[in-house]
Amino acid sequence: MKYASITLACLLGVASAQEEEKNPPEQAPEQPAEEGADEGEESEKMPPPAAAPSDPKKIIADLTLANAAKDVGRIDSAAKEALAWAKGAKDEATAETLATELTDSIKAAKGNYGTLNVVVEALGELRTKEGLKALKKIAFQRKAKDAQEEKLQGIALLGVGKFGDPKDVAAFEEAAKSESVVVAKGAYEALGLYGPAKAKVRKQCAELLMKRLDMEYPSSGGQGGKSVSAEKQARWAEVSPAMVNSMKSLCRENTINDIDNWREWWKENKKKPWKDDDES
């Protein structure tokens, strides 16, 4: 009987071990160390590294193929890379070639305004002769039919403004008269890009802006004390900050924000000689 008991115990022990192998006992999940958790939290807060601009030759090749196929998705992707490269571009010959392809993209991506906005912005950053022609067609020669075209025209106006050509000032004045708030605002912001220009040009732009400030100001015009329309007030709220910021740039006066103060400043300084950057 003694040996029988021992044998039975051994058998039960083996059976129990086999059962544990088949169904191991549940273990509590390991708690990550606090130090590791802190490191994880820090890594989540860190922004991803900025991607380096692509090779311009590859961008040009991609645009050429995408334009030929009218593949809007590929045009959009390549245009975004072109925009990133254009912001630090120094190779004028490559910029001209890239601008030619982007100009073709305007036709190939017709009607796709999200992509067109990127294409036009890239042309403005490249600042090439070929790109300027395309920008002017959108900024000055086309009348926007809807909100999407208005936005595109506003981007084109800013692109033309980056060239700082004094011959374009009159065209910006006409664009500023647009009933579209977006187009007018684009023209006012573009005039502020003439900040580095010669004193004569800066003064010309500032005089234009002061005239437009009086035209845009939402007054009742003295007509029996009638209230100003909500539409005029809304337009003023949109365009006046752009006008003031451009005046700051042109006149090199960063502390004046109030319209009445600008009127006073202009009255005192419009007849005074303005100096160029190279003058002491």
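Reckoned from all heavy atoms, side chains included, excluding hydrogens, waters and symmetry mates.
For the residue pair I256 and V244, the shortest heavy atom distance occurs at O-CG1, 3.9 Å. Residues G192 and S249 approach most closely at O-OG, 2.8 Å, considering heavy atoms. The two residues R202 and K275 come nearest to each other via the heavy atoms NH2-O, 2.9 Å. For the residue pair V228 and P218, the shortest heavy atom distance occurs at CG2-O, 3.0 Å. When all heavy atoms are compared, the tightest approach of A184 to S178 is CB-O, 4.2 Å.
Identified under the side-chain hydrogen bond (donor to acceptor under 3.5 Å, both in side chains) test for residues 207-216, with sequence neighbours left out: Y188-R212, Y188-E216, R212-E216, D214-R263, E216-R235. Screening residues 106-130 for ring pair (Phe, Tyr, Trp, His ring centres under 6.0 Å), with sequence neighbours left out, gives no hits.
For NZ of K80, the number of neighbouring non-hydrogen atoms (other residues, nucleotides, ligands) closer than 6.0 Å is 12 at most.
Without hydrogens or angle criteria, K203 side chain to K270 main chain gives a donor-acceptor distance under 3.5 Å. Checked by atom type and distance alone, the side chain of S77 never pairs as donor or acceptor with a backbone atom of G73 at under 3.5 Å.
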Per-pair distances, 0.1 Å, donor-acceptor, side chain in residues 150-171, under 3.5 Å, sequence neighbours excluded:
| unit_1 | atom_1 | unit_2 | atom_2 | d |
| --- | --- | --- | --- | --- |
| E150 | OE1 | S180 | OG | 3.2 |
| Q153 | NE2 | A139 | O | 3.0 |
| K162 | NZ | E125 | OE2 | 2.8 |
| D165 | OD1 | K167 | N | 3.0 |
| D168 | OD1 | K136 | NZ | 3.0 |

Yes or no on side-chain contact (heavy atoms from CB on, under 4.5 Å) for W262 and L209, after CA distance, side-chain angles and deciding distance? CA-CA 11 Å; W262 267 117; L209 280 169; over 6 Å; no
Just do the side-chain contact (heavy atoms from CB on, under 4.5 Å) check on L193 and F172 with the steps written out, would you? CA-CA 12 Å; L193 298 176; F172 283 120; over 6 Å; no
Given the rule in the side-chain contact (heavy atoms from CB on, under 4.5 Å) test, do E189 and N245 qualify, once you have shown the distances and angles that lead to the verdict? CA-CA 8 Å; E189 289 178 344; N245 286 335; over 6 Å; no
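Taking NZ from K133 and CG from L123, the interatomic distance works out to 13.0 Å, rounded to the nearest 0.5 Å. Rounding to the nearest 0.5 angstrom, the gap separating the CG atom in N117 from the CG atom in L83 is 11.5 Å.
Among T64, N67, N112, the single residue meeting the side-chain hydrogen bond (donor to acceptor under 3.5 Å, both in side chains) criterion with S105 is N67.
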